[in-house]
There are 2 protein chains.
Amino acid sequence: MLSRTMIAPTPDMRTGLLPTLPPKADSRFFSTAHPGLLGTLASYGKDEEIYGDDEPADYVYEVVSGAVRTCKLLDDGRRQIGAFHLPGDVFGLESGPAHRLTADAIVDTTVRLVRRRSLEAAAQGDVRIANALWATTARDLRHAEDHMLLLGRKTAKERVAAFLLEMDRRLTVAGMLDLPMCRRDIGDYLGLTLETVSRVLSQLQQEGVLGLSGARHIVLRNRQRLHGMNI
Amino acid sequence: MLSRTMIAPTPDMRTGLLPTLPPKADSRFFSTAHPGLLGTLASYGKDEEIYGDDEPADYVYEVVSGAVRTCKLLDDGRRQIGAFHLPGDVFGLESGPAHRLTADAIVDTTVRLVRRRSLEAAAQGDVRIANALWATTARDLRHAEDHMLLLGRKTAKERVAAFLLEMDRRLTVAGMLDLPMCRRDIGDYLGLTLETVSRVLSQLQQEGVLGLSGARHIVLRNRQRLHGMNI
DNA sequence: CGCGTGGTTGACACAGATCAACCAGAGTGG
DNA sequence: CCACTCTGGTTGATCTGTGTCAACCACGCG
């Protein structure tokens with residue numbers, strides 16, 4: 001797993017393909033707040049696996065640049081993406097011994113990784129760190145709960161609207177939405193086929209809700225209408 | 001919320017409508033291991049709300065007898081049940097300030113409740129308790145991740161098979177499966193309609209995989225076939 | 001320039017939803 | 001003890017949203 005390009009941690013490595021967001025509240029225990037836990041940088045190419053399902057969960061990751069998907073796979077190829085991880089996001093933190101999903105890079109990606117043992121050791125002495133670990137898992141759980149509602153009960157249009165609003169919140173810069181993932185990834189995230197995703201996006205463009213300039217370059221023109229679809 | 005029947009905690013209150021399972025690993029911090037946190041018993045009638053979405057999450061609950069569903073509701077009535085909670089299960093534990101789902105009793109139910117503040121205070125002094133809190137949230141997350149795959153990518157038959165195996169694991173006594181929930185609840189858990197659930201169960205009965213004696217009384221006759229359907 | 005990957009669009013199929021009728025068992029009250 | 005009712009469950013007929021299959025398009029790259 002660690003046969004990756006290792007890069008010495010330099011402060012300005014954070015600038016990458018995607019804009020760097022301000023660090024999330026629950027990634028504060030990572031790097032910044034605790035210099036002793038600075039971690040190592042590693043880079044992965046497009047579609048490269050970062051860790052696999054059932055592998056020992058010895059490291060915790062933070063996206064520095066690029067984008068990561070975590071997913072479950074059935075042997076006949078069906079896939080469910082649980083979450084997309086963008087710069088600033090922490091992923092791969094487990095309470096148990098092994099990872100429950102596979103993580104791979106969607107585009108060329110740099111991550112900062114920290115031994116989980118170090119974090120847990122730090123948590124022994126500092127309740128705030130223990131709390132941050134818990135809060136990180138709790139945030140993932142909240143996302144999963146929202147996503148279960150989407151997958152179980154929402155229509156294709158509602159799902160795509162929810163996706164657009166989520167990505168808008170997380171990676172819009174200057175009114176622009178630059179998606180790192182392909183239509184298949186979006187479909188596997190939303191429990192749809194890539195064709196349905198494409199059709200709904202075209203329909204939303206027709207309706208003037210968004211503008212497409214190149215498949216991955218989206219401008220939201222009417223967030224209110226999108227919020228209306230999102231229920 | 002606490003205008004419920006309060007019962008003094010007596011040791012043998014644990015025996016109820018449903019058989020009591022051995023306590024789960026991550027409910028150990030509850031009651032048994034820490035006598036100071038014994039908690040209060042409360043009872044709720046069928047379909048009574050235990051707590052609502054967005055209410056302050058001041059208490060943590062353990063099912064003593066009965067069964068609880070936690071769900072999200074859209075204003076047009078669509079509902080997604082995130083989990084069923086059976087005797088021995090802990091639910092309602094949040095890391096943030098408010099509950100993210102609504103909890104209500106499926107049948108007449110008794111729960112033991114503990115102030116969350118007490119648990120967090122105990123966690124300050126005892127790392128094992130802090131770990132148990134984290135592990136509880138992590139277990140919920142694992143369940144949600146598995147359920148996202150089910151909701152996003154599995155067929156009706158696969159979903160029902162998964163449901164039967166889950167319930168079999170959690171509440172079969174003497175080869176018998178006594179479901180506390182109605183077909184609509186099962187549908188809202190699996191992202192299906194109650195009619196589809198009913199049809200699939202009938203089909204499985206036809207195929208000899210299970211026996212139905214009364215809609216809620218199920219005997220699994222071929223777990224291997226069910227596991228095959230579950231992928 | 002040709003090729004390959006990713007995206008769009010169309011025609012059609014089908015799993016599961018919807019609508020509706022009917023059925024079974026548990027209370028309830030005469 | 002039997003009608004009556006009510007809730008929950010089953011089954012059938014039909015509809016529809018999304019999947020499937022296939023053709024085509026557009027851009028980027030060697």
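The sequence lines fix the lettering, A, B, ..., with proteins before strands; numbering per chain opens at 1.
Here A:Asp168 pairs with A:Thr172, A:Leu220, A:Arg223 under the side-chain contact (heavy atoms from CB on, under 4.5 Å) rule; sequence neighbours left out. Under the side-chain hydrogen bond (donor to acceptor under 3.5 Å, both in side chains) criterion, B:Asp188 pairs with A:Arg153, B:Arg79, sequence neighbours left out. Judged as a side-chain contact (heavy atoms from CB on, under 4.5 Å), and not counting sequence neighbours, the contacts of A:Thr196 are A:Ala156, A:Leu192, A:Thr193, A:Val200. Residues passing the side-chain contact (heavy atoms from CB on, under 4.5 Å) test with A:Asp76 are A:Leu74, A:Arg78, sequence neighbours excluded. Not counting sequence neighbours, the partners of A:His147 by the ring-ring contact (aromatic ring centres under 6.0 Å, His included) test are A:His143, A:Tyr189. When the side-chain hydrogen bond (donor to acceptor under 3.5 Å, both in side chains) test is applied to B:Glu195, no partner is found at least two apart in sequence or on another chain. Partners of A:Glu94 according to the salt bridge (charged side-chain N to carboxylate O under 4.0 Å, His left out) rule, which considers only residues two or more places apart in sequence or in another chain, do not exist here. Applying the side-chain contact (heavy atoms from CB on, under 4.5 Å) rule to B:Gln205 yields the partners B:Leu210, B:Leu212; only residues at least two apart in sequence or on another chain are considered.
Nearest nucleotide to the side chain of B:Cys182, out of D:dG9, D:dT10, C:dG7: D:dG9. With D:dT10, C:dT9, D:dT11 as the candidates, the nucleotide lying closest to the side chain of B:Ser202 is D:dT11.
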N/O contacts under 3.5 Å, protein versus nucleotides 26-30 of chain D?
none

Between the protein and nucleotides 15-18 of chain D, which nitrogen or oxygen pairs come in under 3.5 angstrom?
| residue | atom | partner | partner atom | Å |
| --- | --- | --- | --- | --- |
| D:dT18 | OP1 | A:Ala156 | N | 3.0 |

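In this model, the phosphate group of C:dT8 is approached by a side-chain N or O of A:Arg183 to a distance below 4.0 Å at OP1 or OP2.
Straight-line distance from the CD atom of A:Glu195 to the P atom of C:dT9: 13 Å, rounded to whole Å.
Each end of the helix from C:dC1-D:dG30 to C:dG30-D:dC1 gets its own axis from five base pairs, and the two axes differ in direction by 30°, given to 10 degrees.
Residues from residues 209-221 of chain A that place a heavy atom under 4.0 Å from any atom of DNA chain C, listed by number: A:Ala215, A:Arg216.
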